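Please read these numbers as outputs of a predicted model, since none were measured by experiment. Just the heavy atoms: all of them, side chains too, but no hydrogens, waters or symmetry mates, feed the values below.
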Amino acid sequence: MDLRAGQWVTVLVVSAHVGGPDADALPAHAHDVLTDALGAGWDALQREQAELLAEVWERGDVEVEGDDEMQQAARFALFQTVQASACVEGVGVRAKGLTGTGYGGHAFWDSETFVLPVLDHVLPGAAAAHLRWRHASLPHALERAAELGLPGAAFPWRTVSGRESSGYWPAGTAAFHVSAAVALAAMRHVAATGDEAFARDVAVDLVVETARLWAGRGHHTDAGFRIDGVTGPDEYTAIVDNNTYTNLVARQNLRAAADLCDRYPERAGGLGVTADESAAWLLAADRMIVPYSDELQVTEQSQDFTRHAHWDFEGRGTARFPLDDHVHYSELYRRQVVKQSDLVLALHVAREEFTPEQRRRDFDYYEPLTVRDSSLSAPVQAVVAAEIGYLDLAYAYARECALLDLCDLRGSTDGGLHVASLAGTWTALVAGLGGLRHEDGVPHLAPSLPSRLTGLAFPVHADGASARVEVRRDGVTYRLVSGEKLRLVHDGDELHLTQGEPTQVRPVRPGEQGPPPAQPPGRAPLFAAP
């Protein structure tokens with residue numbers, strides 16, 4: 001084609017990305033996908049994408065007033081989370097999506113713990129597709145548990161195919177909490193969508209086999225049920241006894257398995273579950289040990305963690321980050337220094353286990369120890385800080401999540417985007433500042449505003465209805481957008497939105513509850529609000 005000066009040509013390139021366990025079949029699969037796409041035509045492809053994104057924005061857009069940079073970044077974060085998740089049938093959500101070669105295309109527990117809670121709200125079909133991929137890899141998890149001499153299923157810490165791909169077992173195989181992450185993600189999805197077929201055909205298998213892992217991995221003592229020799233989310237503390245986060249998610253996993261087997265007895269019977277086995281799960285859950293320091297009045301990250309020596313941040317050469325690039329793990333493992341939220345993650349995912357006073361004491365203790373050498377840390381710290389009332393700190397962590405890749409805050413975006421951190425932006429704003437959580441299918445909210453913002457708005461969905469939540473200094477407005485009625489709980493106060501009374505206003509939560517604790521030297525939020 002010859003072009004004259006001032007003329008333009010538009011080139012449309014259509015490509016297909018496919019995946020699956022059978023590598024030999026992938027070229028043919030990609031060819032079929034391309035054929036279907038070309039047959040549909042460019043206009044149809046554009047229309048399909050526009051419709052999907054319109055639904056995403058309707059279900060998940062967060063409006064931030066008073067910080068234009070954060071508004072743009074929050075939408076970028078949600079869009080990239082969807083980009084990484086929208087077409088994951090047969091392959092699951094990967095840590096970098098398709099944005100770069102970082103982590104070699106592996107999937108981690110990041111997906112279940114940080115990405116899927118967002119997808120359950122904004123793109124539930126993608127969450128289901130990821131969990132069906134985990135379900136398809138269940139034979140590998142069963143085989144891995146058997147290799148370790150354990151019953152049930154041990155899901156991999158990092159994987160491409162569904163098999164464990166980590167060569168460093170203290171941070172990989174010993175991180176048994178990954179199996180609970182898979183099981184509990186399945187339970188959250190069922191709670192969010194009410195998908196009975198998914199619960200029966202996918203969730204029961206995942207939850208039962210992981211419960212069997214915990215029953216075999218732990219043991220009863222006079223003091224309670226122990227789970228020893230594990231690594232929690234904090235990779236600077238490995239091979240410990242009674243990691244609190246691990247024990248609490250194991251408790252949830254065991255109880256969820258017993259509940260699902262009661263709901264789907266035929267499916268449970270097909271897996272060989274007996275009444276005695278289910279009773280044993282509940283007994284282990286009820287007797288689960290949660291280590292606690294009576295002296296400090298804080299929950300131990302793991303047994304005797306608070307007896308370890310503190311890391312000397314002031315010492316020469318000991319404050320170069322990330323620490324594991326400069327210091328041997330043998331030094332890190334014996335110190336009170338935390339790579340990423342661990343006990344604080346337990347405060348988030350098992351908040352019912354802690355009183356408000358205990359959550360504050362625990363957060364205050366672990367915040368000065370947490371160096372955030374992982375991008376997974378800030379979303380969790382944001383949520384818990386907001387719950388406690390450290391609103392400006394919570395917002396600073398939300399900004400770190402949102403701007404991590406846009407501003408290349410860690411100097412690592414060349415390897416691809418940090419999908420879990422981007423998803424954590426939504427969580428920090430909605431679950432953190434918005435206070436959103438679900439209990440028995442009912443949305444509970446406790447909205448608050450940091451000093452930087454003048455307003456915050458986001459949608460809430462339940463029982464086929466949706467509402468818009470608008471948070472401003474003078475109050476929180478709940479407005480029914482679709483559906484006949486919606487039951488909500490605002491800061492403990494139940495309210496009902498109906499067609500006859502679609503709007504109600506409630507007071508906003510109070511602001512800062514005292515000065516927050518300081519972070520380790522040089523580890524304040526990477527992009528605090530200006």
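Rounding to the nearest 0.5 angstrom, the gap separating the CG atom in D201 from the CG atom in L206 is 11.5 Å. Note that CZ of F108 is 9.0 Å distant from OG of S165, once rounded to the nearest 0.5 Å. The structure places CD of E48 at 10.5 Å from CG of L53, a figure rounded to the nearest 0.5 Å. Atom CZ of residue R479 and atom CG of residue L486 lie 13.5 Å apart, to the nearest 0.5 angstrom. Atoms OG1 and CZ, on T498 and R487 in that order, are 14.5 Å from each other to the nearest 0.5 Å. Distance check, rounded to the nearest 0.5 Å: CG of L184 to CG of L116 gives 12.0 Å.
Note on E439 versus R437: salt bridge recorded, some NZ/NE/NH1/NH2 to OD/OE distance being below 4.0 Å. The pair D67-R399 counts as a salt bridge, with a side-chain nitrogen and a carboxylate oxygen less than 4.0 angstrom apart. Salt-bridge check for D491 with R506: failed, with every basic side-chain N at 4.0 Å or more from each acidic carboxylate O. Note on R158 versus E164: no salt bridge recorded, every NZ/NE/NH1/NH2 to OD/OE distance being 4.0 Å or above. The existence of a salt bridge linking E63 and R468 is confirmed by a sub-4.0 Å separation between a basic side-chain nitrogen and an acidic carboxylate oxygen. The existence of a salt bridge linking D259 and R263 is confirmed by a sub-4.0 Å separation between a basic side-chain nitrogen and an acidic carboxylate oxygen. A salt bridge links R472 and E470; the closest N-O separation between the charged side-chain nitrogens and carboxylate oxygens is under 4.0 Å.
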Scan the side chains in residues 412-425 for donor-acceptor partners under 3.5 Å anywhere in the protein, sequence neighbours excluded, and list what turns up.
unit_1	atom_1	unit_2	atom_2	d
S412	OG	H418	NE2	3.4
T413	OG1	D405	OD1	3.2
T413	OG1	D408	OD1	2.7
H418	ND1	D405	OD1	2.8
T425	OG1	A402	N	3.2
T425	OG1	L422	O	3.2

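Formation of a donor-acceptor pair under 3.5 Å by the E235 side chain with backbone atoms of V338 is not found in this model. In this structure, D392 contributes its side chain and S451 its backbone to a donor-acceptor pair below 3.5 Å. Side chain of T355 to backbone of Q358: a donor-acceptor contact under 3.5 angstrom is found. Between the side chain of S374 and the backbone N or O of L376, at least one donor-acceptor pair lies under 3.5 Å. Of the possible polar contacts, one joining the S137 side chain to the R134 backbone as a donor-acceptor pair under 3.5 Å is found. T210 contributes a side-chain N or O that, together with a main-chain N or O of V207, makes up a donor-acceptor pair within less than 3.5 Å. Checking side-chain atoms of E400 against main-chain N and O of L526 turns up a donor-acceptor pair under 3.5 Å. Looking only at distances, a side-chain donor or acceptor of S111 sits under 3.5 Å from a matching main-chain atom of V93. Checking side-chain atoms of E387 against main-chain N and O of L433 turns up no donor-acceptor pair under 3.5 Å. Under a 3.5 Å cut-off, the side chain of R59 and the backbone N or O of H121 do form a donor-acceptor pair.
Side chains of Y103 and D110: no donor on one and acceptor on the other come within 3.5 Å. Side chains of Y236 and D373: a donor on one and an acceptor on the other come within 3.5 Å. Neither side chain, T244 nor T299, offers a donor N or O lying under 3.5 Å from an acceptor on the other.
Aromatic ring pairs are classed by plane angle as parallel below 30°, tilted from 30° to 60° and perpendicular above 60°; the pair W109 and H177 is perpendicular.
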- Residue pair Q301, D234: steps toward the side chain to side chain donor-acceptor pair (under 3.5 Å) verdict: CA-CA 9 Å; Q301 179 171 293; D234 171 26; 3.0 Å; yes

- Query: Given the rule in the side chain to side chain contact (heavy atoms under 4.5 Å, CB included) test, do E353 and V290 qualify, once you have shown the distances and angles that lead to the verdict?
  - Reply: CA-CA 10 Å; E353 301 278 355; V290 178; 5.5 Å; no

- Chi angles and distances behind the side chain to side chain contact (heavy atoms under 4.5 Å, CB included) call for L78, V56: CA-CA 9 Å; L78 182 58; V56 165; 4.2 Å; yes

- Message: I'd like to know whether E112 forms a side chain to side chain donor-acceptor pair (under 3.5 Å) with H130, so could you lay out the CA-CA distance, the side-chain angles of the two residues, the decisive distance to 0.1 Å, and finally the verdict.
- Response: CA-CA 9 Å; E112 287 82 13; H130 175 89; 2.5 Å; yes

- side chain to side chain donor-acceptor pair (under 3.5 Å) between R47 and Q49, worked out: CA-CA 5 Å; R47 184 168 58 252; Q49 181 175 9; over 6 Å; no

- Task: Could you give me the CA-CA distance, side-chain angles and deciding distance for R360 and Y390, then say whether side chain to side chain donor-acceptor pair (under 3.5 Å) is met?
- Result: CA-CA 10 Å; R360 177 186 289 270; Y390 300 143; 3.1 Å; yes

- Query: Step by step, would you call D342 with Y366 a side chain to side chain contact (heavy atoms under 4.5 Å, CB included)?
  - Reply: CA-CA 9 Å; D342 189 313; Y366 286 95; over 6 Å; no

- Full working for side chain to side chain contact (heavy atoms under 4.5 Å, CB included) between F354 and F363: CA-CA 11 Å; F354 305 89; F363 185 87; over 6 Å; no

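Between D120 and the options H189, H438, H461, a side chain to side chain donor-acceptor pair (under 3.5 Å) holds for only H189.
Few gaps surround CZ on F76; more than 12 heavy atoms of other groups in view lie less than 6.0 Å from it. Dense packing is recorded around CG of D493, with more than 12 heavy atoms of other residues, nucleotides or ligands lying under 6.0 Å away. The environment of CD in E484 is sparse: at most 12 heavy-atom neighbours from other residues, nucleotides or ligands sit within 6.0 Å.
Contact check for R509 versus L449: no side-chain heavy atoms found under the 4.5 Å cut-off. Between L445 and V489, every side-chain heavy-atom pair lies at or beyond the 4.5 Å cut-off.
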